[in-house]
Each structure stands twice: as structure tokens, then as C-alpha cells.
Novice: 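Mind looking over this structure? Questions follow.
Order of listing sets the numbers, starting from 1, for every ligand and every atom in it.
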Amino acid sequence: MEKLRERVQQIKKKRPGYGEILGFYQKVREAQNKVKTSLKIKSIKLRKEWKELLTKEGFSLIQKEDFPLDIEASIKLFESLCQIGKDSNPHMAEQVRKIKETIDHKRIDLKKLLKEELKEQRIEQVANEFGLDNKVFSFLIQSSIKPSIEAGMEKLRNELDPETWLKEYCPICGSLPSLSLLKEEVGKRYLLCSFCGYQWRIDRLTCPFCGNKEQESIQYFFAEGEEPYRIELCDKCHQYIKTIDYRTLEESDPVLEDLATLHLDILASQKGYKRPVPNPWIT
Ligand SMILES: [Zn+2]
Ligand SMILES: [Zn+2]
């Protein structure tokens, strides 16, 4: 956490415009971290055939819904996040007020929503039903279960070899990547799972969304003076991924680095490319 705080200060000095969103990120991470130490997560029993399906058919080990959650801890965290949201920007504060009101009047059963209905469509349906901002509502729900998800991923990571999977989706939960990372001197490329945070290896010149390997249809750009951050555009599927080059940047939280370079996402979208997994922090 100390490292994260330092990095936030560093970035704020360089790009003051990001001060508010980075401050918000830091507070949320601190709240999530606090929960992590006392988390009670059931172990995940893997059936033998699951691992066979993984190696033979390329199925992910489990699905998003299979992660065991610590519901009590998630509810507590939800409360803390609502408080943080109230103190951030006016739109968030207003949304939090509405969400709390709906829950307090027992029109939403938060426990049930977290436990049984961990599906994006369900969250969207509930948000629509009660006139809530779907982005804020799902951000709060997803951020509340994040420590449980990360703990589950930690339990499963030893089942896999991150160097040999080489596919475009997460071997643990099947989700799409949110970022690509270059590491070690040779620049090995890894993808970061947008849901569970697992990292796995992939070829340098592959579009992580459609598998395109033709060099002439993959281009990239970066901003001057910001060489460690690169946007890779695929002309086959018209989607892009942001790459963080840790050969020239000290090891740090990739999600924080992603947030601190939102201007690159704006440029990519102006060029007509889409980000398959939208950044959940922009609400
Ligand atoms: Zn995953
Ligand atoms: Zn593509």
C-alpha cells in the first residue's frame, strides 16, 4: 500500500488532472486491502475432468460465478465503498444516496444479489428497475467482491502454468484481458485478466481479442515522453489494448497506471477503435 501511495503522489505531480480519480482509486484499494486480511474463503474443489478440459479443449478452469465469496466481508466493504463514493464527486454521491435508500427500504436484497445473482445482466436489470446508474451500481458491487475474487484466484494460480496457456482469455475464469504487460529484459508479454487479476503469457504480436497475428494489420501509438504506455490497435477487429512496458517503468499496480493514462484511451476511441472491456473506474 505504501508503494501505491507513493506512486499516486508521483503521478499527481506529473499529471495533476488525474488527482481526483487517483485519490478515489487509492481510497478504494485501501478499503479492499483492509478486508483482505480477515477474509474467509472456502477452498475451490477442482474436479479432475476440469483440468483435462482445460488442457485438451481450452476451457477455463472455472467460471466467474464459481468463485466462492465471503458475503459478510463483501457487505461490509460495500458500506465502506458507499461512504467513499459519497465523499467523491456529486454524481457518485447522489447515486450512492439512491442506492442506499433502495437497499434500506429492502427493495434490493444485497446479500442475495451478491450471493446468487452474480451476473452482469442481473445487476443491470436491478439497476434499471430502480432507476439507478448501472455503471455506479455495478462498480460498487464488483469492487465489494473483488477481494474474494482475488483470494480465489490466488488459491487456483498454482494449478496452472502462466507461460504455456497462450490464449486470448483467462485460463482461470475465461474473462477477457483488460491490459497487456511487457516484462523482463526480453519483453515477455502477459495479459491481465479483467475479472480475477490473473496474468498469463501470450505472443508479442497477437491481437488479444481476435487472435490476429498479421503484422501489417496491427499498429500502435504512444504519447511523447510516455513511452512505457502503448496503445495497440487491431485493424481486423477494430479493437485495442493498452500495453504497459515494465522494462522502462518500475513495477507498479497496472490498474493504477491504466487510470493515469486515460488520455490514450480517448485518442484510441477518436481513431475509431473500441476497448472490449470498458474501464470500470470511469463512472
Ligand atoms: Zn480471470
Ligand atoms: Zn483484433
Novice: Only to 10 degrees, please: what angle do the SG atom of C193 and the SG atom of C173 make about the Zn ion (ligand 1)?
Specialist: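 The SG/SG angle about the Zn ion (ligand 1) sits at 100°.
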Novice: What about the rings of W281 and F139, do their centers lie closer together than 6.0 Å?
Specialist: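 Ring centres of F139 and W281 closer than 6.0 Å.
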Novice: For the residue pair Y190 and W200, is the inter-centroid distance of their aromatic rings smaller than 6.0 Å?
Specialist: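 Not close enough - the centres of the two rings lie 6.0 Å or further apart.
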Novice: Taking backbone and side chain together, does C207 place any N/O/S atom at a distance below 2.8 Å from the Zn ion (ligand 2)?
Specialist: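 It does; at least one qualifying atom falls short of 2.8 Å.
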Novice: Any salt bridge linking D258 with R275? Criterion: basic side-chain nitrogen under 4.0 Å from a carboxylate oxygen.
Specialist: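 Judged by the 4.0 Å cut-off on N to carboxylate O distance, D258 and R275 do form a salt bridge.
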Novice: Please report the interatomic distance CD1(I21) to CG(L259), rounded to the nearest 0.5 Å.
Specialist: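 Spacing of CD1 (I21) from CG (L259) equals 5.0 Å.
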Novice: Please calculate the SG(C234)-the Zn ion (ligand 2)-SG(C237) angle and round it to 10 degrees.
Specialist: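 With the Zn ion (ligand 2) as the vertex, the angle is close to 110°.
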